[in-house]
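Numbered from 1 within each chain, the chains take letters A, B, ... in sequence-line order.
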Number of protein chains: 2
Amino acid sequence: MKTYYCDLEVTLEVIGGKWKGLILYHVIKGPKRTSELKRLIPNITQKMLIQTLRELEASGLISRKMYNQVPPKVEYSTTELCQSLEPILRSLCTWGGNYAEKSFAQDEFEILHLE
Amino acid sequence: MKTYYCDLEVTLEVIGGKWKGLILYHVIKGPKRTSELKRLIPNITQKMLIQTLRELEASGLISRKMYNQVPPKVEYSTTELCQSLEPILRSLCTWGGNYAEKSFAQDEFEILHLE
DNA sequence: CTGTATCCTTGTTGATACTG
DNA sequence: CAGTATCAACAAGGATACAG
């Protein structure tokens, strides 16, 4: 029996960590191939990408579809369980943008919006 | 010059990690003393509590007020910069509660709502 | 292209003891 | 009550090489 002391602890267990939110943010906007995600999240290593995708899959938030082709093609998409996160992730994103504007020195940072 | 590839990366840098969200969630509902926070977040160690509070303070999200008494009294409250996080944290919280209901086995977990 | 396996480094976290 | 300091332990992350 696992004990949580706040609903938020559950959330953080499922989508917390260094990469989960970021991956979900991109996948939630539409199915993505592994290589696309790698491009959208330049700082992630292949190992962490795959590992995190597996964890999200295990949590039931994304699903993995494999096409039997050569070369291989795999697509990740969100499950219904994940859809309700979309507005929240968007809010978090917006908040970060505002925060950066207000709190970071103008010429000490840049935000590139990849697509 | 620091480069981000998504606004969300900024957010995660500021309020990501194991404890920041949880502390903010409690402080945002009203000023809290150190010992209250320790009680509300049973699994955090004193070291991590203080350390995380300092980080949040450095990010401008909370402020620390010290009363010169014996025994000492300290209160943490949120700054204006932090207020806009309130609805987001509430959403994240709600989401976690729903997720637990749907995805966890009935008798494998419990959520205690401390106050 | 997608994914696995290994090794190694780092940083975060925890336990404990102590101070004003 | 609030906070500091030190050290140890562990998990997370990265680099690299390799495979289907």
Side-chain angles (χ1 to χ4, degrees), chain A residues 2-6 8-9 12-24 26-27 30-59 62-77 114, chain B residues 2-6 8-9 11-24 26-27 30-59 62-78 114:
Chain A
K2 174 142 189 183
T3 301
Y4 301 90
Y5 298 96
C6 174
L8 187 54
E9 290 183 4
L12 292 173
E13 187 174 279
V14 180
I15 65 165
K18 195 170 181 180
W19 304 112
K20 286 180 186 170
L22 229 35
I23 291 177
L24 285 177
H26 290 294
V27 175
K32 295 281 178 297
R33 300 185 57 168
T34 312
S35 52
E36 287 182 290
L37 288 171
K38 180 70 191 77
R39 184 178 53 77
L40 292 167
I41 312 173
N43 292 327
I44 199 172
T45 59
Q46 176 142 354
K47 176 192 167 185
M48 290 314 298
L49 177 57
I50 302 293
Q51 183 176 309
T52 310
L53 285 167
R54 295 286 174 277
E55 289 169 9
L56 289 171
E57 206 185 347
S59 299
I62 63 172
S63 65
R64 176 176 182 276
K65 179 166 185 181
M66 200 176 118
Y67 299 82
N68 278 320
Q69 312 177 160
V70 178
K73 173 178 172 179
V74 172
E75 259 187 358
Y76 296 92
S77 50
L114 306 180
Chain B
K2 174 140 192 183
T3 300
Y4 300 89
Y5 297 96
C6 174
L8 187 53
E9 290 183 4
T11 310
L12 292 174
E13 186 174 279
V14 181
I15 66 165
K18 194 170 180 179
W19 303 112
K20 285 179 185 168
L22 228 36
I23 291 177
L24 285 177
H26 291 293
V27 175
K32 294 281 178 297
R33 300 185 58 168
T34 313
S35 51
E36 287 182 290
L37 289 171
K38 180 71 190 73
R39 183 177 54 77
L40 292 166
I41 311 171
N43 293 326
I44 200 172
T45 60
Q46 176 140 354
K47 177 191 167 186
M48 290 314 298
L49 177 58
I50 302 294
Q51 184 176 311
T52 310
L53 284 167
R54 294 287 173 279
E55 290 169 10
L56 290 170
E57 205 184 347
S59 299
I62 63 172
S63 65
R64 176 177 181 275
K65 180 166 185 183
M66 201 176 116
Y67 298 82
N68 277 320
Q69 313 175 161
V70 178
K73 174 178 172 178
V74 172
E75 260 186 358
Y76 295 93
S77 49
T78 52
L114 306 180

Worksheet entry | Side-chain heavy-atom pair B/T52, B/L22 within 4.5 angstrom cut-off | no

Practice prompt. Return no unless some side-chain N or O of A/Y76 is found under 4.0 Å from OP1 or OP2 of C/dG3.
Written response: yes

Discussion item. Expressed as a whole number of angstroms, how long is the span from B/M66:CE to D/dT4:P?
Written reply: 11 Å

Discussion item. For a 4.5 angstrom cut-off between non-hydrogen side-chain atoms, does B/L12 reach A/K18?
Written reply: no

Response to the item:
Atom CZ of B/R64 and atom P of D/dT4 are separated, to the nearest Å, by 7 Å

Practice prompt. Check every strand shown and say whether B/Y67 touches a base, only sugar-phosphate, or nothing at a heavy-atom separation below 4.0 Å.
Written response: nothing

Discussion item. In whole Å, I'd like the distance from the CG atom of A/N68 to the P atom of C/dG3.
Written reply: 12 Å

Fill in: Presence of A/T34 side-chain N/O under 4.0 Å of C/dG3 phosphate oxygens OP1/OP2
yes

Item to complete: Kindly say if A/R33 contacts the phosphate of C/dC1, meaning a side-chain N or O under 4.0 Å from OP1 or OP2.
Response: no

Worksheet item: Any side-chain N or O of A/T45 less than 4.0 Å from the OP1 or OP2 oxygen of D/dA15?
Response: no

Worksheet item: Between NZ of A/K73 and CZ of A/R33, what distance do you get to the nearest 0.5 Å?
Response: 5.5 Å

Fill in: Whole-Å gap separating P (D/dG3) and CD (B/Q51)
14 Å

Worksheet item: Checking all strands, does B/K47 fall into the base, sugar-phosphate, or nothing category for heavy-atom contacts under 4.0 angstrom?
Response: base

Worksheet item: According to a strict under-4.0 Å criterion, is A/K18 in side-chain N/O contact with OP1 or OP2 of D/dG14?
Response: yes

Discussion item. Just the rounded figure in Å: distance from C1' of D/dG13 to CD of A/E55.
Written reply: 12 Å

Worksheet item: Tell me: CD of A/Q46 to P of C/dT4, nearest whole Å?
Response: 10 Å

Worksheet item: Rounding to a whole Å, what distance do you find between A/L49:CG and D/dG14:P?
Response: 12 Å

Fill in: Gap separating the CD atom of A/Q51 from the CD1 atom of A/I44, nearest 0.5 angstrom
9.0 Å

Practice prompt. Could you please name the option among D/dG3, D/dA2, C/dC1 that lies closest to any side-chain atom of B/P72?
Written response: D/dA2

Worksheet item: Reckon B/R54 has a side-chain N or O less than 4.0 Å from the OP1 or OP2 of D/dA2?
Response: no

Worksheet item: How long is the line joining CE of B/M48 and P of D/dC10, in whole Å?
Response: 17 Å

Fill in: B/R54 side, atom CZ; B/L49 side, atom CG - distance, nearest 0.5 Å
9.0 Å

